[in-house]
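Have a look at the structure below, then the notes.
Just the heavy atoms: all of them, side chains too, but no hydrogens, waters or symmetry mates, feed the values below. Order of appearance sets the numbers: ligands from 1, and atoms from 1 within every ligand.
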Amino acid sequence: MADLSSHVGLIVGVANKRSIAWAIAQAAAAQGASLVLTHQGERLEENVRELSATLPKVIVAPCDVTSDEQMDAVFAEIERAHGRLDFVVHGAAFAQREDLAAPFTQTSREGFRVALDVSAYSLIALARRAAPLMERNGGGSILTLTYLGSERVFTNYNVMGVAKAALEASVRYLASDLGPKGIRVNAISAGPIKTLAAAGISGFSGILQTYRDRAPLRRTVETAEVADAAMFLLGPAGRAVTAEVLMVDGGFHAMGI
Ligand code: NAP
């Protein structure tokens with residue numbers, strides 16, 4: 001496994017113990033990383049603080065990714081506390097419930113804006129702030145989480161599929177921009193996992209069952225398995241990998257009829 005003992009990582013997107021970002025935080029902490037975990041507003045602050053208390057070397061800070069001020073404050077805190085940043089995990093995504101439930105043609109202008117802002121633009125905003133801190137130590141690794149709904153149509157995924165397509169394209173453009181500074185940018189495309197975000201997609205249980213029936217591994221994936229793949233991309237073993245979307249979905253993406 002990766003030795004992250006001298007590394008400082010920012011992890012955005014922990015809501016509760018089922019969050020993919022939480023599994024990544026646990027794996028990174030187990031490899032010795034110092035972490036900064038964020039929460040959106042006060043609603044989930046207690047959750048994130050309780051979870052963080054189970055790990056060593058964690059700072060908790062508020063960060064709504066739609067707020068430039070809050071993002072600036074988090075990076076100021078990282079600068080003050082650590083003076084360096086080695087990796088960022090971006091696990092924030094949101095779409096209004098009505099834009100996930102209604103036919104895609106009914107997607108509102110505001111719903112489209114919100115989904116793309118929270119779920120895709122936020123990666124660019126984080127990367128821009130992370131780059132100077134990473135560059136100082138010769139580079140870093142930025143990782144986001146995506147889903148196959150970016151390329152294929154999944155019932156009720158709708159505007160989130162469009163947001164994920166923008167996110168994956170952003171991974172490639174960011175990787176191109178930041179590669180000369182030694183900063184890698186990648187995504188993991190995870191198979192479906194029952195989390196808070198997934199609860200917003202009606203028919204999600206049916207999607208899970210389809211993976212169990214049709215994925216080459218005949219099962220769904222667990223957050224710990226996504227976290228193991230994240231350790232590869234965040235740590236030294238992934239040092240030549242950038243601009244990549246790594247499928248961690250039991251092979252489902254390869255299947256036709
Ligand atoms: P999750 O636990 O609900 O995590 C989503 C996170 O996004 C939550 O912490 C949520 O915070 C945060 N978020 C939403 N709006 C935000 C904002 N404005 N500012 C900051 N944070 C915000 O669900 P998850 O499944 O682990 O999702 C993590 C990532 O994995 C997402 O990008 C998701 O699309 C992706 N993914 C999930 C699956 C799956 O099946 N679960 C599969 C592939 C990819 P609040 O709860 O406070 O809003």
Ligand 1 to [X] polar contact by distance, N or O atoms, under 3.5 Å:
X	value
S19	yes
A198	no
R43	yes
T66	no

Practice item. Can you spot which of L143, L35, L10 makes a side chain to side chain contact (heavy atoms under 4.5 Å, CB included) with F87? Key: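 It is L35; the other options fail the test.
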Quick one: nearest non-hydrogen protein atom to [atom], plus distance?
atom	result
atom 26 (O) of ligand 1	I20 N, 2.8 Å
atom 40 (O) of ligand 1	I193 N, 2.7 Å
atom 24 (P) of ligand 1	T195 OG1, 3.4 Å
atom 44 (C) of ligand 1	T146 O, 3.0 Å
atom 16 (C) of ligand 1	Q40 NE2, 3.5 Å
atom 4 (O) of ligand 1	G13 O, 3.5 Å
atom 21 (N) of ligand 1	A92 CB, 3.7 Å
atom 14 (C) of ligand 1	A93 O, 3.4 Å

Exercise for review: Using a cut-off of 6.0 Å, state whether more than 12 heavy atoms not belonging to R218 lie near its atom CZ.
Suggested key: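 Buried by this count: over 12 neighbours within 6.0 Å.
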Is the contact between [X] and ligand 1 made by the side chain, the backbone, both, or neither, using heavy atoms and a 4.0 Å cut-off?
X	answer
L44	side chain
C63	backbone
K164	side chain
T144	neither
Y211	neither

Check each atom of ligand 1 against the heavy atoms of [X] and keep those under 4.0 Å away; list them by number with element.
X	answer
L145	29 (C), 30 (O), 32 (O), 35 (C)
P192	40 (O)
D64	17 (C), 18 (N), 19 (N)
V14	9 (O)
A15	2 (O), 8 (C), 9 (O), 46 (O)

Check your understanding: So, do M134 and V88 sit near enough that their side-chain heavy atoms are less than 4.5 Å apart?
Key ->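 The answer is yes; the side chains approach within 4.5 Å.
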Review point. Does L37 reach the side chain of L51, with side-chain heavy atoms less than 4.5 Å apart?
Key: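 A side-chain contact is absent here, since even the closest heavy-atom pair is not under 4.5 Å.
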Check your understanding: Relative to the ring of Y147, is the ring of Y157 parallel (under 30°), tilted (30 to 60°) or perpendicular (over 60°)?
Key ->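 Rings of Y157 and Y147: perpendicular, as their planes differ by over 60°.
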Does [X] pair with [Y] as a salt bridge, N-O distance under 4.0 Å?
X	Y	value
E50	K17	no
R113	D99	no
R49	E46	no

Exercise for review: Compute the minimum heavy-atom distance from G191 to ligand 1 and say whether it is under 4.0 Å.
Suggested key: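 For ligand 1, residue contact (heavy atoms, under 4.0 Å) with G191 is present.
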Practice item. Give a yes/no verdict on whether any heavy atom in W22 is under 4.0 Å from an atom of ligand 1. Key: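 For ligand 1, residue contact (heavy atoms, under 4.0 Å) with W22 is absent.
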Check your understanding: For the side chain of R184 and the backbone of E244, is there at least one donor-acceptor N/O pair under 3.5 Å apart?
Key ->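 Judged by distance alone, no pair lies under 3.5 Å.
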Looking at every non-hydrogen atom in both residues, tell me the closest pair between [X] and [Y] and how far apart they are.
X	Y	result
H7	D3	CE1-O, 4.3 Å
A190	V226	CB-CG2, 3.9 Å
A2	P236	CB-CD, 4.2 Å
A15	N47	O-ND2, 3.0 Å

Practice item. Check the pair T66, D117 against side-chain hydrogen bond (donor to acceptor under 3.5 Å, both in side chains), reporting the backbone distance first and the verdict last. Key: CA-CA 7 Å; T66 62; D117 186 14; 5.3 Å; no
**Study point:** Closest to atom 6 (C) of ligand 1 among A120, G91, A23 (heavy-atom distance)
**Key:**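 Of the listed residues, G91 has the closest heavy atom.
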Exercise for review: Could you check which of D117, I11, V65 puts a non-hydrogen atom nearest to atom 19 (N) of ligand 1?
Suggested key: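 Going through D117, I11, V65 one by one, V65 has the nearest heavy atom to atom 19 (N) of ligand 1.
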Check your understanding: Do any non-hydrogen protein atoms sit less than 4.0 Å from atom 37 (C) of ligand 1?
Key ->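 Neighbour list for atom 37 (C) of ligand 1 includes protein heavy atoms (cut-off 4.0 Å).
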Review point. Other than V162, what residues sit in its cluster of Ile, Leu, Val, Met, Phe, Trp and Tyr side chains whose heavy atoms are under 4.5 Å apart, directly or through others?
Key: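 Grouped by the 4.5 Å side-chain rule, F104, F112, L116, V159 form the rest of the cluster around V162.
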Exercise for review: Flag yes if V58 and M231 sit in one hydrophobic cluster, no otherwise; membership is Ile, Leu, Val, Met, Phe, Trp, Tyr, and two members link when side-chain heavy atoms are under 4.5 Å apart.
Suggested key: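 Looking at the clustering, M231 is in the same group as V58.
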